[in-house]
Amino acid sequence: MASRQVDIRFSSSLTRRESADGGRLAVQVEDKFVKIRNVKLDGRTEGAVDSREKLLEFCFDYCYWSVDRADPHYASQEEVFQDLGVSVLSGASEGYNVCLFAYGQTGSGKTYTMMGTPDSMGLTPRICQVRWLINTQLSFLEIYNERVRDLLKGGEQKKRATLRVREHPEKGPYVQDLSSHVVSDCKQAIDLLEEGIANRITAATHNHDASSRSHAIFTIQYTQAILENNLPSETVSKINLVDLAGSERADPHYCRDRLTEGSNINKSLVTLGIVISALAQNSQMSSSCQSINSVASEGDGSTVGSHSSSLSGGGGGRRHCFIPYRDSVLTWLLKDSLGGNSKTIMIATVSPSASSYNETLSTLRYAAHARNIVNKPRVNEDASVRLIRELREEIDRLKSMLLSFEMQRNPSPSLSDERDGNLSEIVLQNELKVTQGRHTCLHLPV
Amino acid sequence: MAATQQEARSCVRTPERTNMASVNSSEWRAICDKFTNAQNLTEIESRNDKENDPFRSKYKAKELLREIYCSLKNFEAGEGEEEGGGESGDQRPTEQPVDGQREDLFGQGFSGDSPAGLRAARLGAVEYYLGVNHVDTEELSAGQEHLMNCMKLLERCRVSSPNVSLFIQVRNQLGILWAGRDETETAQGFLETAESIYQRYMKEDGSPPTDMTEYFAAEENLLTHQERIKRFELAYTHTMYYLAQVYKNLGQTERAATYCHTTLQRQLQLNQFTPMEWALNAATLSQYYITKGRYMEGRHCLSAATVISDLAGEVPSEAAAQENETESERREHLRQKRAEIARCWIKYCLNLLQDAKKQLEDNIGELDTDRQEELKRARRREEEEEEKGRKSALLFGSEDTFDSIASIEEKVMCLFPLDFTEARSVFLVGQNHVTQAKDYFQMDGYVTDHIEILQDHSALFRSLAFFEEDLERRCKMHKRRVDMLEPICNDLNAQYYLMIRRQLMFELAETYNEMMDLKLALANRQADTQSLDNHTIKKFNHLCSASAKYFQMFLDSLCSPEGKFPERLEEEVLRPALVARFRVARLHSRLISTSPTVQLDNLNKSLENYKYVVQYCEANPEAGAAVETELELSKEMVGLLPLKINRLNARMDSNN
C-alpha cells in the first residue's frame, strides 16, 4: 500500500440545482482517470477552442462511480469498504498511524460515504464493526474557526470551552482534556459516533440549509498484543477518520492563497502576516528546493559532481528562516499522519452534475494537490568535504600499494631473482606500512 | 444578477414627490437612521451572531440597505432624474468585468458636489454596502453585481473630494472579489487603478475627502478633517495591502515585499495598528529579507518589531493569569509572540554567521586567511558607503520610535562577521534569544518548537566553532551540541517524532565525526612522534563508534515496523540513507585496533556498507545522480578493500 492514496467517488445524491438543469453529466470516469468537461467553454464556437482545453483530466488511485445503481459500474458501499476500509484496518494492524480524509462540497455524498444510511452503512460504522482488540478508545472532536471542541462531552461542557492543542515528548501531539471513551463493542462505538455528529456545528445560510463548517476528527485507538523477538509486546494503533468541512474552508491554503479583507472595524489586517509568511516561505523554498538532496557536498565545487555545483556556485546558498505562522490546528494535530510512519488515504466526493462544475473542479484540484501534501523530512548533512578528501587520499594509497604489488608480481627480469622468494614478506611489510599510515595519518589537511 | 433586478422591481414608487435636497425632511432622517442601524448591525452586532446562524445581523442589514436603496430611488424619481445605472444590470456585457475607466477620471463627468454627482455617489455607496454585504454572506455573484453598479454610477462623475473615497474603496472590494476567484489579473487591474487614483488625488487636490458614511449623516454628525484623513488613508493602506497579496499570487515576490513593507510603514505612521500583530508582521518580513541575504533590512525589521512589541504592554504575572481568564489568555498571547520574535532574531544571527562562514571558508571548510584579509579591506570601503545605503533603504518609524529602533540596531552587526570576536558578538545575541524563546517554548507542550530552537542553538555553536582557532575550545563547542541534542534524541517517542529524530540522529553523527577529527588533529599537533597514546586512541574510537552508531540509528529508523530495511528508498530519504551507509563504511575502516581480528571485522563491515551503496545504485540507476561522489568513491573502495582484507588475512595466516 502506498503511504498516500487519493480516491474519488461520484455520488448519487441529487441536489435541487442538479434536478433543475436536468442533472446533465459533466464528468466521465475511465479506470483511474476522471475527465471533466470544461463547461466554461461551452458557449464558444468549436474551432476556437483547443480540444485539450475541453477536457480536464485527473488521475487517482481509485475512482468510484456511485451515481446510478443500475449502472454496471456502480460502486456500492461494500465495494468502497473493501478497498479503502480494509486498507485502513490493515495499515493500523501493521502498526502505522492511519488517516482517512473525506473532502467534498456539501451535497456531494461525503456524509453518505463516511457515515451512510441505516440500510447502507458507510465507511466509519463499517470500520467500527471490526472485532475490537484490547482496550479500544474513541474520541471525537471538532475544529471550528481554529478552535477545538470535544464532541463527546455532552452536558458537562461549559460554554463550549475550547481545548488546547499540545505536544508531549512521549505521547505526541494531543488535545488537552479531550475525553476518551473505552468501548467494548461496535454498538457503543456507533452510539458515540452518532452522539458526536449531533453535536457538530452546522450553519444555516441562504446558500445552504445546513452546511457543516467545521472539520471533525473521529479517532480510534487500540492496543494489540504482538510478539517482538519472541517476547510478548503491545503496540498502539491509531486511526483518524477526518471529515473536512463542506466548502472551500476545508482547504488549508484557503487563507493563504486568497485575498482576505482587512476589517475596517478594528485596525487589524489579519492576514497580512500570512502574506508576509508566504513571501518568506517561498523565497526560502526557492533557495532550498534541493534541501536534503545535495547538501552534503556543498561548498566543494572542486571535488564533487554536478549536483552540488548549482549550490556552491550560486553564492547565496540556502537560508532557513522562521515563519511565525502557526499551522492550522488540523494540520498540526495530524502532522504525524502526513508522511513518515503513517498511511494517508483521501477520499474526495464530487457531484457529476454540470451545475456543480466549479465546485467539482475545485474538489478535484484539491484532491490532486493532496497527493503532494507530505511532511518532508529535512536532514542536514554537514559538509563532508574533508571526509571525501581523506578517502580519496586513502584510495590513492591503496592504488599505489596495488601498483607496487602488481610490479612485484610481474617484476622486471633483473630484479626477479632477488625478490621472488620473499614476496609474501614484502607484501606484509607493505601492508604494515599502510596500516601504520592509516593509524597515524594524523596531520590535519592544511 | 437576478438579485439586483428583483430588488429594483421591489421598489414601489410612492406617488408623492419628495425633495432630497431638504436634508432635514423626516424621510431623509429616516434614511439616515436606517443607515446608522445597518452599519451597527454589520460592524458590531454581527460579531455576536450564533455559530449556527452566522449571518443573522448581516441579513438584517441587507434588508435595511435595500430599503434605503428604494427610498433613494424614489427621491431620484421625484426629482425627475433619468434612471440611474443601478438598474442597468441586464444590459451588462457577459464579458468579465474590467476596470473600464475612462481616459481621464479626473476631468469629465459630474462634479462630486453637484446635486447629480452627490446623488450618484449616495446611490453608489448603497450599492457598495450591498455588494460588501453579499460578499460577506457568501453570495459572490450578487455582490459583484452591486459593486459593478456602484462603478457604473461613478462612471458619470469625476474624481473629487466628495467621492474619491468611494472610487477607491469599490475597487478595493472588486479586487478582493476577483482575487478570491483566482482571477488575479482582473483584481490587479482594479487595485492598480485605485492606487493611481489615490496618488493623483493627493497630488492635485489633497483636501480631506468625504467619508462614505457622511452621505447619510446629519450635518451635526459630519466628521472632522482629521477623522476624514484617517479613514481615507486607511482605505489606501488596504489598497497597498491587497496589492501585496495580488503581487504575491502573481509570483512577483520582490514587489509584494515592497508593498508589505509600505503597508506596515503606513500603519505605523498613521498609528493604525495593533502592536503585537504589527511587530510579528515586521519580524516575519525580516525573514524574507534574510532569505534574500539582505541583512540590513532584516535587522531593521527585527529592531522595529522589538520596539513595537513593547508597546503591547507588560506580560501579566502568573498569579494574575491564574485569577482571571482574560489575563491568562493575554499572558499566553504576549509570551508566545515575544518568543516568536526571538526566534526570528535567532535565525538572523544564525544566517549571518553561516553566510559569513561560506564567504570565508576554503575548499575544505577551514578559515581562509587570505580571503579574510581581502574581505576586511572590502568592508572598510563599504563602511564608508553604508550611510548612503541606509538612506535609500525602506525604513520604519514614526518620530517617537525612530531612535529606539536605531539603538536596538546598534547592538548587533549587519555586516558579515570576519573574525572570532565579531562572530562571538553575533553568537551571543543569538544565544540570548535562544534562552528567551526556550522560556516559552518548553519541551513539555511544545516539543517540535523546543527542539527546533535547540537545533538552532546547536547550529549557532557550529558556526562559531568555525571561527575558533583553538582546537580544544572548538571541540568543546561541539561537545555542547552533543550534550543538548543527545538526551532528547533518545527520549522522544520514535513514532510521533520520526522526522525530528532522524534529523537529530544525523546531526549527532556529524558532530561526533567532527569531534573525532578534532581529537586527531589535536593529538597530531601535540606529539611529533608517530605514535598515539592509549588514552587518545580510546577517545578516538569512542567518538568514531558514536558517530557510526547514530548513522546506523538513522538507517534503522527507515525500517518497517517488522524491522525490515526497505528495498526501495523513498525519494525524500534516498540521499541521506545512502550517505549514511557511506559514512558508516568510512567510520568502520577508521577504528583503531591492534588486534588483527578486530581490524578484519571492521574492514569487512566497511566493505559491506560500500557494497550496499554500489549495489543499490546498480539496481536503481536513478539513485546514482543523488550520490555521485559517494558512489564513485564507494566503487573504488569496493575494488580496493578486498585487497587490504586479503593481505590482512595473509598476515594473520603467516603469523599463526
Side-chain angles (χ1 to χ4, degrees), chain A residues 94-95 166-167 169-170 172 201 203-205 207 258-259 261-262 265 267-269 272-273 275-280 282-284 292-293 296-297 302 304-305 307 316-317 319 321-322 324 336 340-341 376-377 379 382-383 385-386 388-389 391 395 398 402 427-428 431 439-440 442-445, chain B residues 43 51-52 54-55 138 176 179-180 238 241-242 244-245 248 253 256-257 260 272-274 280-281 284-285 287-288 290-291 293 340 343-344 347 351 358 363-365 445 447 492-493 495-496 498-499 502-503 506 510 520-521 524 530 561 572 575-576 579 592 626 628-629 633 636 640 647 651:
Chain A
E94 285 166 36
R166 293 169 64 89
E167 259 181 327
E170 194 38 51
I201 292 173
T205 70
N207 279 350
R258 272 157 231 271
L259 289 201
E261 194 193 353
I265 310 152
K267 297 177 230 160
S268 167
L269 297 184
L272 182 64
V275 180
I276 300 174
S277 302
L279 290 181
N282 289 345
S283 65
Q284 180 177 250
I292 57 168
N293 282 330
S297 323
S302 59
V304 289
H307 65 264
R319 298 187 183 91
C321 57
F322 173 66
D336 56 315
N341 237 351
K376 288 222 169 128
V379 174
D382 274 1
V385 188
R386 190 183 304 142
I388 285 166
R389 189 180 133 143
L391 195 54
I395 288 171
L398 285 168
L402 183 67
V427 169
L428 266 180
E431 175 58 40
H439 287 176
T440 56
L442 302 177
H443 50 88
L444 201 70
Chain B
E43 297 183 358
E51 286 162 341
N52 58 6
F55 303 140
E138 299 175 1
I176 299 169
H238 281 137
Y241 162 50
Y242 301 141
Q245 297 178 62
K248 185 214 99 191
T253 315
C260 284
Q272 291 164 333
F273 63 95
T274 41
L280 207 66
N281 286 338
T284 313
L285 189 59
Q287 303 297 291
Y288 166 77
I290 289 168
T291 59
E340 282 173 345
R343 290 179 73 179
C344 291
K347 293 293 186 186
N351 281 289
K358 271 179 221 154
N363 62 359
I364 53 157
V447 178
L492 278 186
N493 180 311
Q495 176 155 30
Y496 293 119
L498 180 71
M499 303 301 162
R502 283 184 184 161
Q503 288 176 14
F506 225 93
E510 299 267 14
L520 211 53
N524 191 41
Q530 292 272 299
E572 58 261 31
R575 177 169 167 82
V579 166
I592 302 172
E628 226 171 308
T629 315
L633 296 170
E636 299 247 35
L640 293 166
R647 290 178 176 211
R651 191 175 60 169

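Because the structure is predicted, anything quoted here is derived from the model rather than measured. Just the heavy atoms: all of them, side chains too, but no hydrogens, waters or symmetry mates, feed the values below.
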- Which atom pair, heavy atoms only, marks the closest approach of A/Phe322 to B/Glu340?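 Closest approach of A/Phe322 to B/Glu340, heavy atoms only: CE2-O, 3.6 Å.
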
- Note on the structure: Minimal heavy-atom distance between B/Thr291 and A/Arg319, with the atoms involved, is O-NH1, 3.1 Å

- Message: Just verifying a value: how many Å separate B/Leu640 CG and A/Ile395 CD1, rounded to the nearest 0.5 Å?
- Response: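 B/Leu640 CG to A/Ile395 CD1: 6.5 Å, rounded to 0.5 Å.
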
- Message: Within this structure, what is the CD-CG distance for the pair A/Glu170 and B/Asn493, rounded to the nearest 0.5 Å?
- Response: 5.0 Å

